[in-house]
Undergrad: 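One structure is given below, represented as structure tokens, and several questions about it will come after.
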There are 2 protein chains.
Amino acid sequence: MATIHEVAALAEVSVATVSRALQQPERVSDKTRARVLAAVKQTGYKPNLMAVKFRSGKSRNLVVLVPTVANLFFARVISGMQQSAHDKGYSLLLCNTMANEEMEQSYARMVHTSQADGLIQLRAFNPFTGLELAADQPLPMVNACEVLDRIRCPTVLLDNKAAAYAMTEHLLGLGHRRIAMIKGPPRSPLTRDRVAGYKEALSEAGVDFDESLLSPGNFSLASGQKAAAELMALPQPPTAIFCENDEMAIGALQQLKQLGLRVPQDVSVAGFDDIAFAAYSEPPLTTIAQPAEEFGSTSVSLLIDLIEGRLGKAPKVILPFDLIERASTGPAPGHLT
Amino acid sequence: MATIHEVAALAEVSVATVSRALQQPERVSDKTRARVLAAVKQTGYKPNLMAVKFRSGKSRNLVVLVPTVANLFFARVISGMQQSAHDKGYSLLLCNTMANEEMEQSYARMVHTSQADGLIQLRAFNPFTGLELAADQPLPMVNACEVLDRIRCPTVLLDNKAAAYAMTEHLLGLGHRRIAMIKGPPRSPLTRDRVAGYKEALSEAGVDFDESLLSPGNFSLASGQKAAAELMALPQPPTAIFCENDEMAIGALQQLKQLGLRVPQDVSVAGFDDIAFAAYSEPPLTTIAQPAEEFGSTSVSLLIDLIEGRLGKAPKVILPFDLIERASTGPAPGHLT
DNA sequence: GTGAAAGCGCTAACAG
DNA sequence: CTGTTAGCGCTTTCAC
């Protein structure tokens, strides 16, 4: 691999001139520049960006901590990140954490060892926990999608409470009174906010909240199926099931089919995220659409602004949602519309 | 950020000793090591890995070119890569290429600018095309999943021909004679191999090949739906549809439902990949399971072996498939089993 | 407009 | 066992 020295030797100039000819062409005479460029071409010189990064102290790498890439919502988020990062000259170091804290911490360490300039965390956990550091200065981190509550770092999130409120209201409007919710993991702020929106809508409609209609899930198809089975085995089963993501809703749909129940005639089902499969389930799923790619691009933008010192105090960006009505929700049994 | 010099000063030793105490502890006296470690702790010293990488000439980064992360099969492949790379001390630089050649070339350049040691390409395109280089020496690249034909680099693939043959045979065994295939993009070696397996099975069963039963798709849900509509509009529609991935199969299922056709009583449908949704479609999908994570881990292993010079001539690893029978395929109409 | 030289943080000879 | 020194490839003063 040719170095700048070989180019300099061939062009009969100093290495400084080669560097300048490449970085600030206007600061070099036309003639010299031409000679340098010719030498670059002849030697096939490619600057060693590792050396550049080392010297500049900027890696232009961003670590991305994603709970699981095998989730279509996150996949879209990553897609948005990648696009935005590439446009801005940054690369993404991807870590599929499987919600493993050690793994997250291991990757967070890359920021402290100068391998990355910052980090985006898509989960409600501070990966810098335990890595003793200057607690005074802001961490080069952006939290998105599923966010930590009390951390002073830029955040990109949905108004989950409002979204859950909207969906619950939609179901109430169809005459449903026993509305179950298949939740995400306990202690997740995301779940907490959505449950809050659900309860608020219920309460405003004068419907009593029933703890037994709150079923735990883990965002997988299987967990949705299992939760649906348990809900329908209740003495007073729900007439509508609101799931915290589309995967669980699709799992629930299959369970209902197995139980011989029709959707939406017997039970309505709603999801969250609007993944591609939501429009292709049987029946197509009513869900909350999230601007997934925008989550990605916004968090990358914020992180780069933060790194490059263009950010004042940690902003909190709220992205819009959209309730998509499809065929999986309908009037409650016996309800006249 | 503390440097090795500050640690050396505090411990009252040379920087070389600090480096040794950290890298080869046995080559330093217990007493000195203890002093160094104490100084490391006190200063909060973290080695600048950018400097290390620069000096060693090894980035320990691998570029991954994936056509789209928003595809559950690829997501699983990436997951396998990540795990394997992390275990071996490498990081993944992810690029969601959207099959954009310029994007792929732009990332491939990272290998030549010392930002990455090698590259894994999941598509049948050589990203080093056009980047003039020492054509004699092997490229630090591994090709997996959808692979290039005549390139002398390590390859990980499925025996696509055999898999398609197996599925076609399965359908033939159920009495189907008009078996359609929803393909991937034209000119894809992957599609070519699968079509070959399909044709061979047909031919061995004495069934004439009908060009009109070969419908083009692009691996998306929508393309499967569209292709199914076209196939069923044929003068002699198929009684079975074999799709090149599960997404297209699920799209086809929806179209058949809309046409009022029952699966599998009227039409059988088969997929490929065995993504999580395949078991949750209505009806659950018969498909070919691929060891996706293994594709990822194997390609990372091969690439690292190649980079570290442990690989002889470019191996070709064939991974096994498994035909999963579910409810979407059944006896051809009028066929006695 | 160009060159000489210093230095980013680290490791690896080579001495001692 | 430890210190001195050189240098990885590049950019950036500071002179000229």
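Heavy atoms only: backbone and side chains are in, while hydrogens, waters and symmetry mates are out. Chain A is the first sequence line, chain B the second, and so forth, proteins listed ahead of strands; every chain is numbered from 1.
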Undergrad: With sequence neighbours left out, what residues match B:S301 under side-chain hydrogen bond (donor to acceptor under 3.5 Å, both in side chains)?
TA: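 Applying side-chain hydrogen bond (donor to acceptor under 3.5 Å, both in side chains) to B:S301 gives B:K88.
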
Undergrad: Near DNA chain D, which residues from residues 50-63 of chain B have a heavy atom under 4.0 Å away?
TA: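 Result for residues 50-63 of chain B: B:F54, B:R55, sorted by number.
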
Undergrad: Does atom CE (A:M98) have a neighbourhood of more than 12 heavy atoms from anything else shown, all under 6.0 Å?
TA: no

Undergrad: Mind jotting down which residue pairs meet the salt bridge (charged side-chain N to carboxylate O under 4.0 Å, His left out) criterion with at least one end in residues 66-77 of chain B? Sequence neighbours excluded, please.
TA: B:R76-B:E293

Undergrad: Quick test of your reading: applying salt bridge (charged side-chain N to carboxylate O under 4.0 Å, His left out), list the pairs with at least one residue in residues 4-30 of chain B, sequence neighbours left out, ordered by first then second residue.
TA: B:D30-B:R33

Undergrad: May I have the step-by-step check of side chain to side chain contact (heavy atoms under 4.5 Å, CB included) for A:L319 and A:L157, ending in yes or no?
TA: CA-CA 6 Å; A:L319 261 26; A:L157 75 170; over 6 Å; no

Undergrad: Nucleotide range of DNA chain C contacted by chain B, 5' to 3', under 4.0 Å to a heavy atom?
TA: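 Terminal contacting nucleotides, 5' to 3': C:dG9 to C:dA13.
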
Undergrad: So B:V64 and B:L93, side chain to side chain contact (heavy atoms under 4.5 Å, CB included) or not? Walk me through it.
TA: CA-CA 6 Å; B:V64 175; B:L93 288 161; over 6 Å; no

Undergrad: Can you name the side chain to side chain contact (heavy atoms under 4.5 Å, CB included) partners of B:P140, sequence neighbours left out?
TA: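 Partners of B:P140 under the side chain to side chain contact (heavy atoms under 4.5 Å, CB included) test: B:V111.
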
Undergrad: N/O contacts under 3.5 Å, protein versus nucleotides 1-4 of chain D?
TA:
from, atom 1, to, atom 2, distance (Å)
D:dT2, OP1, B:S29, OG, 2.9
D:dT2, OP1, B:T32, OG1, 2.1
D:dT2, OP2, B:S29, N, 2.9
D:dT2, OP2, B:T32, OG1, 3.4
D:dG3, OP2, B:S14, N, 3.0
D:dG3, OP2, B:S14, OG, 3.3
D:dG3, OP2, B:T17, OG1, 2.6
D:dG3, N7, B:R20, NH2, 2.8
D:dG3, O6, B:R20, NH1, 3.1

Undergrad: With B:R310, which residues qualify under salt bridge (Lys or Arg N to Asp or Glu O under 4.0 Å), at least two apart?
TA: B:D305, B:E308

Undergrad: Please identify each residue that fulfils ring-ring contact (aromatic ring centres under 6.0 Å, His included) with B:F219, with sequence neighbours left out.
TA: none

Undergrad: State, to the nearest 10°, the angle formed by the axis through the first five base pairs of the helix from C:dG1-D:dC16 to C:dG16-D:dC1 and the axis through its last five.
TA: 40°

Undergrad: For A:F74, give me all partners under ring-ring contact (aromatic ring centres under 6.0 Å, His included), at least two apart in sequence or on another chain.
TA: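 Residues passing ring-ring contact (aromatic ring centres under 6.0 Å, His included) with A:F74: none at all.
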
Undergrad: Testing the 3.5 Å rule here: is there a donor-acceptor pair between the side chains of B:S91 and B:H86?
TA: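 Distance-only check fails for B:S91 and B:H86.
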
Undergrad: Is it true that, when you exclude A:Q24 itself, more than 12 heavy atoms of the residues, nucleotides or ligands shown sit nearer than 6.0 Å to its CD?
TA: yes

Undergrad: Quick one: A:Y45 OH to D:dG9 P, roughly how many Å, whole number?
TA: 10 Å

Undergrad: Mind listing the side-chain donor-acceptor pairs of residues 115-125 of chain B below 3.5 Å, one per line with the distance, residues two or more places apart or on another chain?
TA:
from, atom 1, to, atom 2, distance (Å)
B:Q115, OE1, A:K53, NZ, 2.8
B:Q115, NE2, B:T113, OG1, 3.1
B:D117, OD1, B:S59, N, 2.9
B:D117, OD1, B:S59, OG, 2.9
B:D117, OD2, B:S59, N, 3.4
B:D117, OD2, B:R60, N, 2.7
B:Q121, OE1, B:R123, N, 3.2
B:Q121, NE2, B:E104, OE2, 3.1
B:Q121, NE2, B:F125, O, 3.0
B:R123, NE, B:E104, OE2, 3.0
B:R123, NH2, B:E104, OE1, 2.9

Undergrad: Between P on D:dG9 and CD on A:Q23, what's the gap in Å once rounded to a whole number?
TA: 17 Å

